[in-house]
Amino acid sequence: MKILVLNCGSSSIKYQLIETQNRDVLAKGMIERIGMSSAVLTHSPKGKDTIRIVGEILDHSIALEYVIAVLMSKNHGVIQDKSEIEAVGHRVVHGGETFSGSVLITNDVLKAIKDNIELAPLHNPPNIRGIEAARKHLPNVPQCCVFDTAFHVKMPVYAYLYGIPYKLYRRYKIRRYGFHGTSHRFVSHRAAELMNKPYEQLKIITVHLGNGASMAAIKNGQSVDTTMGFTPLEGLLMGTRSGDLDPSIVTYIMGKEGLSISEVNTLLNKHSGLVGISGESSDMREIEQAMMEGDKKAKYAFDIFTYRIKKYIGAYSAVLGGVDAVVFTGGIGENSVRVRKAVLTGMEYLGIEFDEQLNENIKEDGEITKPDSRVKVFRISTNEELVIALDTEKIVKKLK
Ligand code: ADP
């Protein structure tokens with residue numbers, strides 16, 4: 001089945017056309033700077049050169065028209081007609097407490113996503129614009145959505161409630177939701193596959209380290225805790241986000257620096273984390289480079305980043321009552337030999353015997369622990385688009 005996977009941000013659309021039968025990506029690309037005078041379309045059809053087109057694209061609806069047109073274009077296209085697109089799968093960030101799995105988009109579902117806008121004011125509105133655009137340009141094509149939050153929705157009450165008055169949970173739905181669920185689900189399944197063991201019988205800790213970073217504790221196929229919270233700000237140190245901090249710091253900084261609510265939000269979400277501590281960069285490659293050149297603050301940033309991961313592995317192995325596998329994924333988790341080494345050094349007490357050679361040389365999905373290591377550690381490439389395509393296929397096949 002040919003499925004168009006869409007990930008719509010406030011000024012961008014990322015897309016992939018996936019043939020699910022052989023998990024083949026026929027084309028992928030993105031449009032950036034939607035709504036600005038010079039939007040950029042980058043399109044990579046399978047087996048052909050990548051092209052880049054610059055022009056004015058006013059909104060998501062026009063952007064999607066361009067995407068469909070380039071997918072059908074004579075020289076750079078991969079389909080003859082848009083009727084070849086059999087379904088559309090959308091990434092939607094926040095499903096609130098409503099959705100614990102992927103669903104077909106109906107009017108009721110769209111309304112529920114709109115009802116959750118308050119929980120994700122930056123993310124759900126562009127996701128909705130993408131859904132509405134796809135409904136307009138591909139009117140007879142079934143559409144599904146896959147939520148970042150869904151995998152975590154069933155975690156136990158004591159893991160998702162915060163220690164604030166319960167009525168605030170009732171009134172405003174303030175609770176831990178967690179994000180990156182599609183990635184945690186995908187890589188934990190893949191780990192079970194690599195271990196050749198039933199997913200439902202494993203205790204897995206997944207470590208997704210990209211620009212945003214989060215971990216999940218997965219017991220018998222169910223996420224039972226995760227580091228991101230009410231918003232993606234909580235938990236690990238990230239490229240530009242602070243992660244965990246004493247909430248009193250927020251009001252203290254606001255008082256001292258005279259910051260408004262929106263300014264302190266920006267400080268914690270955009271100017272903290274790796275970039276805030278190093279004063280250099282939010283990019284782990286640049287942090288590592290600066291650290292190797294002796295930059296003290298870059299080293300602090302690296303150390304805080306890896307220390308927190310180590311701390312949460314300890315916490316989650318306690319939560320799970322032991323651990324069978326730890327999985328590293330995301331741009332940093334998949335590629336940074338140093339980050340994995342810093343986290344995994346000194347974890348023998350837990351049963352992790354990591355293999356330095358394997359860690360240095362691994363490029364594909366696989367294990368980086370010694371054969372007799374009680375806990376297996378894997379490096380696995382995440383593939384959220386494939387999950388969206390496969391979930392969509394499953395839902396759409398049931399309609400037929
Ligand atoms: P996003 O969360 O935006 O999808 P990615 O998953 O692509 O981001 O991760 C981006 C991060 O991965 C950046 O911090 C980048 O520096 C880091 N990264 C990519 N390759 C390497 C590498 N070889 N070594 C260290 N960090 C890397």
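Counting convention: from 1, in listed order, for ligands and their atoms alike. Sequential numbering from 1 along the given sequence is applied to the chain's residues. Everything quoted here is computed from the prediction, not taken from an experiment.
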In ligand 1, which numbered atoms sit nearer than 4.0 Å to a non-hydrogen atom of Met284?
14 (O), 16 (O), 26 (N)

Using ring centroids (six-membered ring only for Trp), state whether Tyr166 and Tyr169 fall under 6.0 Å.
yes

What residue and atom, counting heavy atoms only, is the protein's closest point to atom 24 (N) of ligand 1, and at what distance?
Arg285 CG, 3.7 Å

Mark yes or no for whether Glu19, through its side chain, and Gln21, through its backbone, hold a donor-acceptor pair below 3.5 Å.
yes

heavy-atom search around atom 22 (C) of ligand 1 in the protein gives Asn335 CB, 3.4 Å

Is there a side-chain contact between Lys28 and Leu17, using heavy atoms and a 4.5 Å cut-off?
no

Which segment of Glu288 sits under 4.0 Å of ligand 1 when only heavy atoms are counted:
side chain

For Tyr300, does the OH atom sit with more than 12 other heavy atoms under 6.0 Å from it, leaving out its own atoms?
no

Counting only heavy atoms not in Leu399, do more than 12 fall under 6.0 Å of its CG?
yes

Got the closest protein heavy atom to atom 2 (O) of ligand 1, with its distance?
Asn211 N, 2.9 Å

What do you reckon, does Gly210 have a nitrogen or oxygen under 3.5 Å from a nitrogen or oxygen of ligand 1?
no

Could you tell me if the side chain of Glu65 sits less than 4.5 Å from the side chain of His60, heavy atoms only?
no

Identify, for atom 16 (O) of ligand 1, the protein heavy atom at the shortest distance, and state residue, atom and that distance.
Asp283 OD1, 2.5 Å

When you measure from atom 25 (C) of ligand 1 to every protein heavy atom, which one gives the shortest distance, and what is it?
Ser336 CB, 3.5 Å

Taking atom 9 (O) of ligand 1 as the reference point, report whether a protein heavy atom occurs under 4.0 Å from it.
yes

Ranked by distance from atom 7 (O) of ligand 1, the top protein heavy atom is Gly331 CA, 4.2 Å

SB check Lys136 Glu132 (cutoff 4.0 Å):
no

In the protein, which heavy atom is nearest to atom 17 (C) of ligand 1, and how far is it?
Ile332 CG1, 3.5 Å

Can Tyr158 and Asp225 be counted as having a side-chain donor-acceptor contact under 3.5 angstrom?
no

